[in-house]
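Because the structure is a prediction, the values reported are computed rather than measured.
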Amino acid sequence: MTRKQNKMLVRIIISALLLIILGLLEGFDLFNKIQTNFQGKIISYIPFKFLLYLIDYLIIGYDILKKAVKGIGHGQLFDENFLMALATLGAFSLTIFSAGGNLLKIKDCNEAIAVMLFYQIGELFQSVAVGKSRRNISELMDIRPDYANIEVDGKLQQVDPDEIEIGSIIIVQPGEKVPIDGLVIEGNSTLNTSALTGESLPRQVGPEDEIISGSININGLLKIKTTKVFGESTVSKILELVENASSRKSKSEEFISKFARVYTPAVVYSALALAILPPLARLIFLGANANWSTWIYRALTFLVISCPCALVISIPLSFFAGLGGASKEGILIKGSNYLETLSKSKILVFDKTGTLTKGVFEVTGVHHSTINESLLLELAAHAECASSHPISKSIQNAHGKALDRNRVKNIEEIPGFGITAQVDDHKIAAGNAKLMEKLGITPIHCHCLGTIIHIAIDGEYSGHVVISDVIKESSKEALIQLKKNGISKTVMLTGDSDKVAQKVAYDLGIDEVHSELLPGDKVDQIEKLIGQKNKNEVLAFVGDGINDAPVLSRADIGIAMGAMGSDAAIEAADVVLMDDDPLKISKAIKISRKCIGIVYQNIIFALIIKFGCLILGALGLANMWLAIFADVGVMVLAVLNAIRALNVKKL
C-alpha cells in the first residue's frame, strides 16, 4: 500500500479501537463512576464523554469534513463528502436534540462514528483496488526508455532518446531497454518482449532483423541503426495510447456521471422534505406531536443511504481494470468507449495478408519469362527496392544479391496495382493483372495458387512471378473461438487473387470473401456490410497494412496488428494487438464482454439495493446501520466485483 493508504489504515484502526472502548465504557456503566469521581471538579463528566466521541469522530472524518467545506466553496455542493458530513453531523446533533439540549442526558454517538468509519474503510478498499489495476498500467509504462547509448570516441555516452535522429547508430547492452525502433547491424541476442505482447517467450534477433522499442535486451550487445525518431517509435505510440485511454469515456460512464448530477440533488431535497413536511403535517392537520427528532433521523438515514458511491466509483473502476488487464495481455484498447463497442461485435471483417497469414512470402516460380529468369528477378527486385511490402521483400530475397539503388529512378507506387520504375535504361512495371491492363499490356494468367506478380519491360510483357504466403498457425483456432463467442458472420477482404483468397477462406472457415480489391474497394465493401447489418450489431475490421487505415477508420471498431502493422493502421485503429496473434482478437472480445457484464451487474445491484433501502429509510424501517450497508457495503461489494475485470489469464 502507499504511504497515504497506510496512514488511512492507522486512522481506521485507532478510530475502531476507540469506538470499542467507548462502547465498553457505556456498556459497563463506567461513565457513571467517572462522573462520581469528577463531580464538582474542573473536568465534568458530560463534556468528557462527549469530547471522547467527538475526538473519535474527528480522527476518522476530519478529511471528509474538510473536503465538504472545500466543495461548498467551489460550488460542488452535492457530492458524497457533503452527504456524509451532513448525515453524520446531523446524527451528532440529534443525540443532543433528543435529550432536550441537556448534556447530562446525552446518548452515545456511535452510529455517527460508525457511518464515517465504514465509509472510510470502503474508500480505502476502493483506493487499494484502483492501485492494483493501475499497477498493470504502470508495468506497461516501464517500457519507457530513460536513455539511449551512442558511441563517442570509443566510449558510450547516454543521451535523451528524443535527440537521436533517423539513421543513427545506438548501442543496447544486456539488461537495457531498446529505446528506438531500428535494424540490427551487429550482434546477436535474445529479447524480452512481454511488456509489449503479454507473452513470456523470448525472441531471437541478429543482423538485418528489425527491432522494436520497448523490448528488453537479455544477453547480447546489439548495435542498432535507427529507422524512426523516438516520437514515432513503437514505445512512444503505445504509451500515448495508454495515457489517453482513460479520457475516452464509454456511454455507461457518461450515463453514471449524468445520473449522479441529477440523482444527488434530488435525494438531498427529498431528505429535506422528509425532515420537514411530515412533522408539519402532523402538527397542522392532525394536531399531534410533530416528532421532529424521528423524522430528522429518518432524513439523515435517507441521506447516508442515498450516497451514489457504489456507482460513481465501481463503474469507472470496472473499465479501468478491464483496460489494465487487456494491456497486460498485449491488447491496447484506446478507451472505455471502444471497450464497450468491442463487446457488441457480431460481424468480423479481416484483411488477409499479415492478419490471417504470416505475410512471409516466398517466390515459388517464374513463368513465361521472355528473358533469363535471374535477369527478370534482378530487374523486378530493383524496381521494388523502395518498398517494404512483404511481396516486394520476397522478390528482393529471391534475387539474393545486393541492390544498387543508383540504377533506379522514377519509382512510382500505385496503390492496389503495383510499381513502375526505371532500372538502367529500361522502364519496368511490376504488379497485378490490373496494372498490366492499365498500361495496355495483355498479361498471361497463371494456373498456380499464389500471388502473381506480372512484369513488363519497356511496355512488353516479360513473364510473371508466383509468390506464396503461409496461414498463421493460430488463425484457424481464432476463427473457431470467435464463432463460439457469438460472432455471427466472418468476412475476408483482400487485394489478392480470387483463387488464393478462396483457398484461404475455405481453409479457415470464413463465411464470405471478396478478393482483388483496391483500398477504395475495401471501404465500399465495408459500407455495404454496415448497410446490411442490424442496427444493434457492431462490425469490427482487423487489418495491418497502410492501405487498411481507411477501412479501420470506417468500421464500427478497428483492430490493428501492432507488431508488424504500419503506423497508419495503428493510428487509425481503436484496438491494437501487440503480437499479431489472431487469437488475441477473441481474447479482446472476451475481456470487453466480461468488463461490460461486470458494469451492468454493478449498476443493477447498486440501484436495486439503493432504492429498496431508500424506501425503507423513508418509512422508518431502516436505521443508520442499514444505511451503512446500503452505502459502504454496496460500494465494497461493487468494487470487489469490479476488480474481477483484471483477471483475464483464464479467458
Between Lys344 and Asp556, is there a side-chain N and carboxylate O pair less than 4.0 Å apart?
-> no
Do Asp581 and Lys472 sit within salt-bridge range, that is, some charged N less than 4.0 Å from a carboxylate O?
-> no
For residues Asp181 and Ile211, determine if any side-chain heavy atom of one lies less than 4.5 Å from a side-chain heavy atom of the other.
-> no
Does a donor on one side chain and an acceptor on the other come within less than 3.5 Å for Gln204 and Asn188?
-> no
Do Ile526 and Leu493 touch side chain to side chain, with heavy atoms closer than 4.5 Å?
-> yes
Residue pair Ile395 / Asn397, side-chain heavy-atom distance below 4.5 Å | no
Exam field: side chain Asn372 to backbone Ser374, donor-acceptor pair closer than 3.5 Å | yes
Check whether more than 12 heavy atoms from other residues, nucleotides or ligands sit under 6.0 Å from atom NZ of Lys533, and answer yes or no.
-> yes
Any chance the side chains of His382 and Glu384 put a donor and an acceptor closer than 3.5 Å?
-> no
Residues which pass salt bridge (Lys or Arg N to Asp or Glu O under 4.0 Å) with Glu378, listed by chain and number, not counting sequence neighbours | Arg407
Are Lys483 and Asp511 ion-paired here, with the side-chain N under 4.0 Å from a carboxylate O?
-> yes
Between Gln481 and Ser586, do the side chains contain an N or O donor and an N or O acceptor separated by less than 3.5 Å?
-> no
Answer yes or no: does atom CG of Asp425 have more than 12 heavy-atom neighbours from other residues, nucleotides or ligands under 6.0 Å?
-> no
Judged by atom type as modelled, is there a donor-acceptor pair below 3.5 Å linking the side chain of Thr357 to the main-chain atoms of Thr355?
-> no
Does the side chain of Lys590 come within less than 4.5 Å of Asn485's, by heavy atoms?
-> yes
For the pair Tyr461 and His454, name the ring-plane relationship: parallel under 30°, tilted 30 to 60°, perpendicular over 60°.
-> tilted
His368 side chain vs Ile444 backbone, donor-acceptor pair below 3.5 Å | no
Does Ser592 offer a backbone N or O that forms a donor-acceptor pair with the side chain of Ser343 under 3.5 Å?
-> no
So, are Lys427 and Asp458 salt-bridged, with charged N and O less than 4.0 Å apart?
-> no
Can Asp524 and Lys528 be counted as an ion pair, charged N to O under 4.0 angstrom?
-> no
Using 4.0 Å as the upper bound for N to carboxylate O, is an ion pair formed by Glu329 and Lys584?
-> no
